[in-house]
Amino acid sequence: MRLSRVLSYLLLSPVWALVGSSHAFQCRTDEDCSLTGICSPSTNQCICDAGWRAADCSELDLQPVERWTGYNHTNITLPDFYKEGAGNSSWGGHIVQDRHNRGLFHLIIGQMDHGCGLSGWRPFSTVIRAESKTGPRGPYTWAQELFGTFHHNPTVVWSPAEQLYLMHFIGFDWETPDTCRSIKRNNSISVSSSPDLRHWSNVTLLLDNVTNPAAWPLWTRHNRTAEMLLATEKNNIYHAESYQGPYSLRSEPGFIEIDPSFRSEDPFLWRDKRGHWHFLVHHMVDIELGKKGPRVGAHVYARDWEGPWHYNNLTLAYNTTVEFTDGASTEYYRRERPKLYFSDDGEMTPLYLINGVQEFDSSASYTLIQPIGEKYRQYERSLGFGEDLLSSP
Ligand SMILES: *[C@@H]1O[C@H](CO)[C@@H](O)[C@H](O)[C@H]1NC(C)=O
Ligand SMILES: *[C@@H]1O[C@H](CO)[C@@H](O)[C@H](O)[C@H]1NC(C)=O
Ligand SMILES: *[C@@H]1O[C@H](CO)[C@@H](O)[C@H](O)[C@H]1NC(C)=O
Ligand SMILES: *[C@@H]1O[C@H](CO)[C@@H](O)[C@H](O)[C@H]1NC(C)=O
Ligand SMILES: *[C@@H]1O[C@H](CO)[C@@H](O)[C@H](O)[C@H]1NC(C)=O
Ligand SMILES: *[C@@H]1O[C@H](CO)[C@@H](O)[C@H](O)[C@H]1NC(C)=O
Ligand SMILES: *[C@@H]1O[C@H](CO)[C@@H](O)[C@H](O)[C@H]1NC(C)=O
Ligand SMILES: *[C@@H]1O[C@H](CO)[C@@H](O)[C@H](O)[C@H]1NC(C)=O
Ligand SMILES: CC(=O)N[C@H]1CO[C@H](CO)[C@@H](O)[C@@H]1O
């Protein structure tokens with residue numbers, strides 16, 4: 001981006017529009033700033049953390065996406081495909097930096113086998129590892145199948161207590177039918193561990209008849225506990241003394257802010273630099289109106305993981321519109337499975353938003369990686385990637 005483009009972007013960006021019209025907005029507590037910023041006692045205005053914007057710091061500071069980054073191999077057909085048009089469709093997952101090679105990035109995602117696309121996710125989903133040597137945004141290329149059909153919605157966290165990666169997912173071994181179709185069965189959450197992302201241990205079943213896991217270790221530098229939190233559908237949080245369980249249900253937020261007939265799914269849980277807790281969720285308010293969007297990304301937050309939780313039902317963290325660096329923008333049919341990749345400097349600055357996306361009138365889906373704020377540029381430069389964006393005249 002040239003300086004003039006940066007300036008015009010800044011001038012046109014919603015941050016200034018909101019600030020300009022935010023005289024009425026007055027915060028009293030950090031909760032009024034979504035716990036992604038602090039409320040200045042002198043001005044009663046929010047000071048947002050890097051990566052967040054808007055008067056109440058409720059929006060992710062999303063930046064344009066470069067085309068063909070992320071993992072998009074929807075335009076291929078292979079000999080074992082049952083149909084054409086969906087390619088290697090995928091549906092989101094985690095970016096992980098290699099522990100031994102800082103220039104190597106892994107993307108652990110759900111990918112549908114036999115070209116079956118998102119509509120055949122159960123039982124056709126597998127868990128794969130893709131690699132990028134060109135930086136965290138990719139483009140990523142297929143490297144390895146980690147779990148065959150049916151394994152889906154992998155979430156990967158590093159557990160400092162065990163010095164292992166933990167992968168939680170739904171599914172179990174399931175032989176695939178010989179045509180693309182969708183089969184309904186109950187979901188269950190299992191875990192596997194790995195020292196290096198390439199070799200994974202035998203699978204342990206943790207929770208039956210529960211879906212969409214998001215784990216977070218309670219370990220801190222000052223408290224080297226092995227205790228684990230495991231969030232699931234409905235933002236219910238289970239707790240265990242160690243990652244292998246047994247897990248007990250400890251927090252059921254419910255939400256006064258959303259009509260019980262509205263649902264959210266795909267929770268992604270994290271603890272911020274202040275020790276406060278957050279979820280990004282797939283907000284399903286438009287489903288009631290017979291649509292998949294555009295209001296798809298909600299933010300939920302609490303000082304303590306046991307609550308009280310606040311569900312922001314007014315302003316969204318993100319929606320289905322994505323701007324690209326070529327100046328075009330796409331309104332996606334579906335944008336779900338939110339995950340964030342954070343800075344490793346202790347600030348927990350969100351650097352990338354990862355989603356499963358599907359375009360209108362397409363059976364294909366892919367994994368989109370959208371940069372956030374300004375810090376991601378610095379991060380990429382420190383690893384030797386990216387252009388020196390602001391130095392050109
Ligand atoms: C297919 O996708 C690859 C990226 O995965 C891209 O480089 C290529 O241009 C695409 N081909 C067509 C015909 O769109
Ligand atoms: C993803 O791939 C499809 C082709 O299968 C292409 O039409 C689409 O523009 C690509 N999207 C991005 C963001 O690269
Ligand atoms: C597509 O996925 C298959 C595994 O099902 C893999 O062998 C192949 O390399 C992948 N191709 C691309 C272009 O992603
Ligand atoms: C993993 O499972 C296989 C098959 O059930 C078994 O033979 C093997 O001993 C197990 N490995 C470990 C480390 O538990
Ligand atoms: C499975 O979970 C669903 C939704 O939480 C619940 O309605 C149903 O009763 C459960 N079934 C069993 C067999 O536990
Ligand atoms: C360490 O953290 C765990 C989990 O949050 C907590 O239960 C425990 O009391 C803490 N221990 C100390 C010494 O603070
Ligand atoms: C948002 O939550 C408030 C309660 O905090 C409620 O009064 C309002 O109706 C909700 N709005 C929507 C759109 O659900
Ligand atoms: C989606 O978010 C962008 C960026 O915040 C905003 O400019 C746009 O108006 C939103 N679109 C919809 C349909 O809400
Ligand atoms: C509640 C329920 O039906 N659970 C089943 C879900 O599927 C697994 C794997 O097939 C079974 O072991 C559970 O009994």
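These numbers come from a predicted model, not from an experiment. First listed ligand is number 1; within each ligand, the first listed atom is number 1.
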- Message: Looking at non-hydrogen atoms alone, which of Leu60, Leu62, Asn319 comes nearest to atom 2 (O) of ligand 8?
- Response: Asn319
- Note on the structure: Rounded to the nearest 0.5 angstrom, the OG1-CD1 distance for Thr211 and Ile170 is 3.5 Å
- Give a yes or no on whether atom 9 (O) of ligand 6 lies under 4.0 Å from any heavy atom of the protein. no
- Task: Using distance alone, determine whether Thr321 and ligand 8 share an N or O pair under 3.5 Å.
- Result: no
- Task: Check whether any N or O atom of Asn209, backbone or side chain, sits under 3.5 Å from an N or O atom of ligand 5, and answer yes or no.
- Result: yes
- Task: Let me see the working for Lys339 and Asn355 under side chain to side chain contact (heavy atoms under 4.5 Å, CB included), right down to the final yes or no.
- Result: CA-CA 7 Å; Lys339 310 251 187 290; Asn355 290 103; over 6 Å; no
- Can you figure out which of Arg53, Arg295, Glu331 has its heavy atom closest to atom 4 (C) of ligand 8? Arg53
- Do we see a donor-acceptor contact under 3.5 Å between the side chains of Thr321 and Ser329? no
- Query: Between Trp216 and Phe342, what is the ring plane arrangement, given parallel below 30°, perpendicular above 60°, and tilted in between?
  - Reply: perpendicular
- Query: Please state which protein non-hydrogen atom is closest to atom 5 (O) of ligand 6 and give its distance, to 0.1 Å?
  - Reply: Leu218 CD1, 3.9 Å
- Do you see a protein non-hydrogen atom under 4.0 Å from atom 13 (C) of ligand 6? no
- Item | Distance filter under 4.0 Å to Glu59 heavy atoms, resulting ligand 8 atoms | 5 (O)
- Which residues satisfy the salt bridge (Lys or Arg N to Asp or Glu O under 4.0 Å) test with Glu131, sequence neighbours excluded? Arg129, Lys133
- Proximal candidate to atom 6 (C) of ligand 6 [heavy atom criterion; set His239, Glu241, Glu227]: Glu227
- For the side chain of His114 and the backbone of Asp80, is there at least one donor-acceptor N/O pair under 3.5 Å apart? yes
- Contact check: Asn223 vs ligand 6, nitrogen or oxygen atoms, below 3.5 angstrom: yes
- Side-chain cluster (under 4.5 Å, hydrophobic types only) that Leu104 belongs to, other residues: none
